[in-house]
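Reviewing the structure listed below.
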Amino acid sequence: MSFICRFAPSPTGPLHIGGVRTALFNWLLAKKNKGKFFLRIEDTDKERSKDEFKDQIITSLDWLGINHDGNEYIQSKNVKNHIAVADELLKKGFAYKCYCSEEEINEQKEKCKKQGIPYIYNRKWRDAKDLEIPKNLDPVVRFKSKISGNTIIKDLVQGERNISNSTIEDFIILRKDKSPTYQLSATVDDNEMGISHVIRGDDHMINSFKQKQIYDALGWKVPEFAHIPLIHSEQGKKLSKRDNASTIEDYIKMGIIPDALRNYLLRLGWSYKDKEIFTKQESIDLFDLKGVGKSPSRLDISRIFSINETYIKTIEKKELFNYLKLYVNKYKNKLDDSKELIIFNSLDFLKNKAKTLEDIWNNAQYIITNKIQIGHEDKKLIDENSKKIINEFIIEFEKLSKPSKENLEPIIKTLISNHKTNFKGVGQPLRIKLVGSRFGPGIYDIILSLKKDEVIRRLKDL
RNA sequence: GGUCCCAUCGUCUAUCGGUUAGGACACAUGGUUUUCAUCCAUGAAAGAGGGGUUCGAUUCCCCUUGGGACCGCCA
């Protein structure tokens, strides 16, 4: 069996994390089964579709390493075919022209609302032999949805889903301006692209029932469906663009690395035993629709940070550095080459208490800045005795031709015993002078990461 | 309101009728450490409620409750 999957977002807003997970699951399934994964931009809403969103979608998926086969399909380029199919449905009697004005429809809706009954289009023009066709009114084309019976979809995630056909109205497939609607375009394109598995959010469930009828009417092969549960915001509602930190861009800005987000999304609504960390290849090998749960899952930012931390700590230094560089160049001030080298060499300890790339950047501030700012609290910690210690350290430090941990250690130890103090008594004032805070990397790491004369310069600046 | 769906620690989840209900994040405590962190150890923390079915239900069925999605000439 071939697996042709697709992700079909509309470019009417920035791609959010729910959409990304849908794309990921489609991609995973295609990869696992050596099938294809296509990207289709559903831009038939001319009013709201924007090129910038299309670009954002493509960039986001690209950033995550979810790459599609072939060029992206642009749905609007295929409207001629969509309309042709509508005509065919019309000709075969599966669709009809409806001359109800929008006012008329709205009136009906109002009426239903007042009576407290659910609105469903009254199918006035479905078999309208006797009705007089109004002039000056462009009709819409509606699909003749089944009136009786039930439709069953064997959903790969949700199991058997059954709905009474009477609850599905005669939905519009062609607007009054003759443009196709989503139900038509998506079905025609999925068919044309040979999509075998339609994996999308659970909010599309009802659409699958509608679209199945179109497939059946045309005698097309109905694809497999899988409706994956939605991702909820921390408030427990469907994710919307208003929720902060829901677009990929937001996560990139926080300094999340692609693999970490991919891993997080993978484990949101899907699991494999007790395994938490999956390489890309592992996720392809192990992914399975059977492992997808049925209930919606809530976004948990602390989990994203935690997984990101794991990745920061375990990926190769060079890889991490590249991510950091990309991040800093985009969101922070570009680094000059000499600082870049220091940061690269110091990455092993700079990444230590970092959950994000931004944390690493913050940890590296003492390297980046040329002027150390010492906070009030920290300033207070440098008393007269500390100043003495610092001065004595400088004298010994200046003698070193090439500072190393080996030749630094005796100096510190001597200072500790001469001043009857502990490591903290010596390390703390030095750290404050060198990085501007009593918190920071290990004191040897700090000293060795900076150039010798820079260390002296900072320490002398009393 | 109508239709459909969901329900295990705060969160993500494991369990495919028999478990001291497991793991991870977060949280708390203790330990290592050179500060902050890391790391290690420990702890607290869950089957929404009520009925069935069964020798036995978290697991299967029903009801209640709670939550969600859909109800556009948007996609």
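Below, read A as the first sequence line, B as the second, and so on, with proteins coming before strands; counting in each chain starts at 1.
You'll find that the side chain of A:Ser295 is closest to B:C6, out of B:C73, B:C6, B:G68. Which of B:C73, B:G10, B:A37 sits closest to the side chain of A:Lys353 comes down to B:A37. Looking at the side chain of A:Ser302, the nearest of the listed nucleotides B:G67, B:C73, B:C25 is B:C25. Among B:C12, B:U11, B:U35, the nucleotide with an atom closest to any side-chain atom of A:Lys424 is B:U35. The side chain of A:Tyr182 lies closest to B:A75, out of B:C25, B:C70, B:A75.
Among the protein residues, A:Gln428 comes within range of no part of the nucleic acid, since none of its heavy atoms lies under 4.0 Å from any strand. Here A:Arg303 lies in heavy-atom contact (under 4.0 Å) with a base. At a threshold of 4.0 angstrom between heavy atoms, the contacts of A:Gly236 are confined to the sugar-phosphate backbone, with no base atom among them. Using a 4.0 Å heavy-atom criterion, one finds that A:Ser306 contacts the sugar-phosphate atoms exclusively. A:Pro229 comes within 4.0 angstrom of nothing in the nucleic acid, heavy atoms only. Residue A:Lys351 is out of contact with every strand shown, counting any heavy-atom pair closer than 4.0 Å. In this structure, A:Glu169 reaches neither bases nor backbone, as no heavy-atom distance under 4.0 Å exists between it and the strands shown. Base engagement by A:Tyr444 is indicated by at least one non-hydrogen atom pair under 4.0 Å involving a base atom. Base contact: A:Ile443 has a heavy atom under 4.0 Å from a base atom. Within the 4.0 angstrom heavy-atom criterion, base atoms lie near A:Lys176. Using a 4.0 Å heavy-atom cutoff across all strands shown, A:Gly293 reaches no nucleic acid atom at all. Heavy atoms of A:Ile172 sit under 4.0 angstrom from at least one base atom. Across all strands, A:Lys313 comes closer than 4.0 Å only to sugar-phosphate atoms, never to a base (heavy-atom distances).
In this structure, A:Phe423 counts as stacked on the base of B:U34 under the 5.5 Å centre distance and 30° plane angle limits. Residue ring and base: A:His204 counts as stacked with B:A75 (centre distance below 5.5 Å, interplanar angle below 30°).
When each of A:Phe344, A:Tyr327, A:Trp361 is paired with A:Phe321, the ring pair (Phe, Tyr, Trp, His ring centres under 6.0 Å) condition holds for A:Phe344 and for no other. A side-chain contact (heavy atoms from CB on, under 4.5 Å) with A:Leu239 is found for exactly one of A:Ile17, A:Leu230, A:Thr247, namely A:Ile17.
At a cut-off of 3.5 angstrom, counting only N and O atoms as typed in the model, there is a donor on one side and an acceptor on the other between the side-chain of A:Arg431 and the base of B:U34. Interface remark: the A:Asn207 side chain does form a donor-acceptor pair with the B:A75 base, using a distance-only criterion of under 3.5 Å. Put simply, the side chain of A:Lys294 and the base of B:C6 share no donor and acceptor less than 3.5 Å apart.
Distance check on atom P: B:A21 versus B:A48 gives 15 Å, rounded to whole Å. B:U11 sits 35 Å from B:U54 when the P atoms are compared, rounded to a whole Å. B:U8 and B:U58 are spaced 14 Å apart, taking the P atom of each and rounding to whole Å. Between the P atoms of B:C70 and B:C63, the separation comes to 25 Å (whole Å).
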Verdict with supporting geometry, A:Glu319 and A:Lys317, salt bridge (charged side-chain N to carboxylate O under 4.0 Å, His left out) = CA-CA 5 Å; A:Glu319 194 184 359; A:Lys317 191 173 182 177; over 6 Å; no

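Proximity of a side-chain donor or acceptor of A:Arg6 to a complementary backbone N or O of A:Ala23 within less than 3.5 Å is not detected. Side-chain N or O atoms of A:Ser49 include none that pairs as donor or acceptor with a backbone N or O of A:Lys46 at under 3.5 Å. The backbone N or O of A:Ser148 sits less than 3.5 Å from a side-chain atom of A:Asn165, completing a donor-acceptor pair.
For A:Gln158 and A:Thr44, each mapped to the nucleotide of RNA chain B holding its nearest heavy atom, the one lying further toward the 5' end belongs to A:Gln158. Of the two residues contacting RNA chain B, namely A:Arg161 and A:Ala8, the nearest-nucleotide position lying further toward the 5' end is that of A:Arg161.
Remark: P of B:A14 and NZ of A:Lys275 are 16 Å apart, rounded to the nearest angstrom. The distance from atom NZ of A:Lys273 to atom C1' of B:G23 is 14 Å, rounded to the nearest whole Å.
Using Watson-Crick or G-U wobble geometry with both donor-acceptor distances under 3.5 Å, B:C71 finds its partner in B:G1.
Taking the ring centre of A:Phe278 as origin, the terminal cationic atom of A:Lys275 falls inside the region bounded by 6.0 Å and 45° from the ring axis.
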